[in-house]
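Quick caveat: nothing in here was measured; it's all calculated off a predicted structure.
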Amino acid sequence: MPASPCGEAGRGAHAFAELLRLPVPADTTSAAATLLDFVFEQVWQRPGLSRRDRWFVALPCVAAADTEQPLREHIYAALINGDVTIDEMRETVLHFAVYSGWPKASLFNMIVDEQWARIHADRGEPVPPAAPLLPLTTPSDPEARLQVGEQSFRDVNCLPFAPVRDDPYSGAGILNFVFGEMWLRPGLGMKQRRLVTVACVAFQDAPYPILSHVYAALKSKDVSFDEMDEVALHFGAYYGWAKASRLMQVIAEQKQRVTQEWAAAD
């Protein structure tokens with residue numbers, strides 16, 4: 001992307017360049033300037049959600065949009081700025097794969113490896129070995145694993161029940177892997193997993209998962225009410241007003257539900 005003289009670019013263009021480690025964009029049209037001012041000079045700078053946490057909303061949105069160059073730029077920036085570690089990035093890819101599909105995640109994963117190699121090539125260093133997969137921290141015994149998955153499902157979703165086992169989708173998929181393994185992996189914090197999940201279910205237009213994951217993020221207090229409002233704004237900046245408006249509606253409903261439940265418990 002060609003650079004332009006500093007005097008020709010607004011604050012949004014410079015915020016874009018600073019965050020993504022790119023030259024100041026040369027496009028000075030009013031549309032480009034307005035978008036850059038809103039997304040990078042306003043939204044990314046807001047205090048209600050940390051810059052680090054904002055990556056876990058932005059990255060799944062860009063990965064889902066099938067736009068290779070923005071995905072490349074965002075992955076590189078999150079890693080080179082030190083906001084997201086390589087282990088967290090790789091766990092984000094896995095979490096994204098579960099909630100948004102393996103085909104899109106395959107490109108995400110490929111670009112993570114590419115940009116991690118680029119960073120080390122620029123430093124004149126070899127790429128360090130990846131963290132070993134084994135030993136897994138979850139049980140290998142099938143019965144114990146399903147029991148762990150059932151408890152994890154209840155804990156993550158803030159619900160008193162778990163799905164039935166004797167169904168391939170809920171037993172082998174949801175209980176055995178999604179909650180018996182993925183949600184329990186140590187490479188990514190619970191708050192960050194919730195942010196990735198909320199973004200994914202919001203752009204998927206998945207009616208019950210949007211409700212359940214917004215509810216659980218708020219009820220668990222892993223994401224505060226104010227932070228969830230910022231998640232909706234950041235999501236809207238990356239995936240559009242139409243889907244963000246639905247997310248905001250759900251957030252408002254689930255805030256009321258959670259507040260009522262807390263009051264009843266007291």
Side-chain angles (χ1 to χ4, degrees), residues 43-44 46-61 63 78 83-85 87-100 137-138 148-163 174-175 177-204 206-236 238-239 244 246-266:
V43 174
W44 272 95
R46 288 173 59 86
L49 193 66
S50 72
R51 188 174 86 169
R52 166 175 157 75
D53 286 339
R54 289 181 185 278
W55 286 113
F56 295 100
V57 179
L59 285 165
C61 288
D83 293 330
V84 180
T85 70
D87 289 342
E88 289 173 327
M89 186 68 78
R90 287 173 172 153
E91 287 295 325
T92 297
V93 172
L94 175 61
H95 205 98
F96 173 87
V98 167
Y99 284 97
S100 297
T137 58
T138 48
V148 166
E150 288 166 340
Q151 187 59 50
S152 173
F153 181 93
R154 290 190 285 265
D155 292 343
V156 170
N157 291 288
C158 301
L159 294 172
F161 60 84
I174 298 298
L175 296 178
F177 177 66
V178 177
F179 291 95
E181 166 67 21
M182 186 198 69
W183 272 93
L184 301 176
R185 288 178 57 80
L188 194 61
M190 181 60 73
K191 180 180 184 179
Q192 288 71 44
R193 290 191 184 278
R194 291 199 185 278
L195 296 176
V196 173
T197 306
V198 168
C200 289
V201 296
F203 60 62
Q204 295 271 18
Y208 182 73
I210 296 175
L211 182 156
S212 64
H213 283 291
V214 169
Y215 166 78
L218 295 173
K219 183 67 180 287
S220 65
K221 300 184 180 180
D222 289 327
V223 182
S224 73
F225 282 20
D226 289 343
E227 286 175 326
M228 190 63 83
D229 288 340
E230 287 295 321
V231 169
L233 176 60
H234 205 86
F235 174 83
Y238 273 85
Y239 224 83
R246 167 62 178 153
L247 177 58
M248 288 188 293
Q249 177 188 354
V250 173
I251 290 169
E253 293 167 351
Q254 297 313 304
K255 281 183 182 179
Q256 183 176 18
R257 174 187 174 188
V258 167
T259 300
Q260 291 171 346
E261 290 179 355
W262 285 340
D266 289 340

Just verifying a value: how many Å separate Trp55 CH2 and Ser50 OG, rounded to the nearest 0.5 Å? 12.0 Å
When Glu261, Glu253, Lys255 are each screened for side chain to side chain donor-acceptor pair (under 3.5 Å) with Tyr215, the one that passes is Glu261
What are the two closest heavy atoms between Met190 and Val156, and how far apart are they? CE-CG2, 4.1 Å
Any chance you could measure Ile251, atom CD1, to Met228, atom CE, to the nearest 0.5 Å? 5.5 Å
Pair Val57, Glu230 - check side-chain contact (heavy atoms from CB on, under 4.5 Å), show working. CA-CA 10 Å; Val57 179; Glu230 287 295 321; over 6 Å; no
Contact check, side chains of Thr259 and Phe225, non-hydrogen atoms, under 4.5 Å: yes
Measure from the side-chain N and O atoms of Arg46 to the backbone N and O of His234, and report whether any donor-acceptor pair falls under 3.5 Å. no
CZ (Arg185) and CZ (Arg90) are apart, to the nearest 0.5 Å, by 11.5 Å
Quick check: do Ile210 and Gln204 have side-chain heavy atoms less than 4.5 Å from each other? no
Picking from Thr137, Thr138, Leu175, what satisfies side chain to side chain contact (heavy atoms under 4.5 Å, CB included) with Glu181? Thr138
Would a 4.5 Å heavy-atom cut-off, applied to side chains only, mark Leu188 and Phe56 as touching? yes
Assess whether a salt bridge exists between Glu88 and Arg52, defined as any Lys/Arg side-chain N lying under 4.0 Å from an Asp/Glu carboxylate O. yes
Check: Gln192 and Thr92 side chains under 4.5 Å, non-hydrogen atoms: no
Met182 vs Arg193 side-chain heavy atoms within contact, under 4.5 Å: yes
Measure the acute angle between the ring planes of Trp183 and Tyr99, then classify it against the limits of 30° and 60° as parallel, tilted or perpendicular. perpendicular
Are Lys191 and Glu227 side-chain neighbours, meaning at least one heavy-atom pair lies under 4.5 Å? yes
To the closest 0.5 Å, what do you measure between CG (Leu195) and CG (Leu59)? 11.5 Å
If the condition is ring-ring contact (aromatic ring centres under 6.0 Å, His included), which residues does Phe96 pass it with, not counting sequence neighbours? Phe108
Between the side chains of Glu150 and Arg154, is the shortest nitrogen-to-carboxylate-oxygen separation below 4.0 Å, so that they form an ion pair? no
Closest non-hydrogen contact found for Tyr238 with Cys61 is CB-CB, 3.8 Å
Side-chain donor/acceptor of Arg246 to backbone N/O of Ala202, under 3.5 Å: no
Between the side chain of Ser220 and the main-chain N/O of Ala216, is any donor-acceptor distance below 3.5 Å? yes
Which atoms form the tightest heavy-atom contact between Ala244 and Gly236, and what is the distance? CB-CA, 3.5 Å
Mind checking side chain to side chain contact (heavy atoms under 4.5 Å, CB included) for Asn157 and listing every partner two or more places apart, or none if nothing turns up? Phe153, Leu159, Phe179, His213
Exercise: do Gln254 and Arg257 side chains pair donor with acceptor under 3.5 Å: yes
So Leu247 and Val214, do their side chains get closer than 4.5 Å, heavy atoms only? yes
Those residues that, when tested against Phe177, pass ring-ring contact (aromatic ring centres under 6.0 Å, His included) (two or more places apart): none
Interatomic spacing from CZ in Arg194 to CG in Leu218 - rounded to 0.5 Å: 9.5 Å
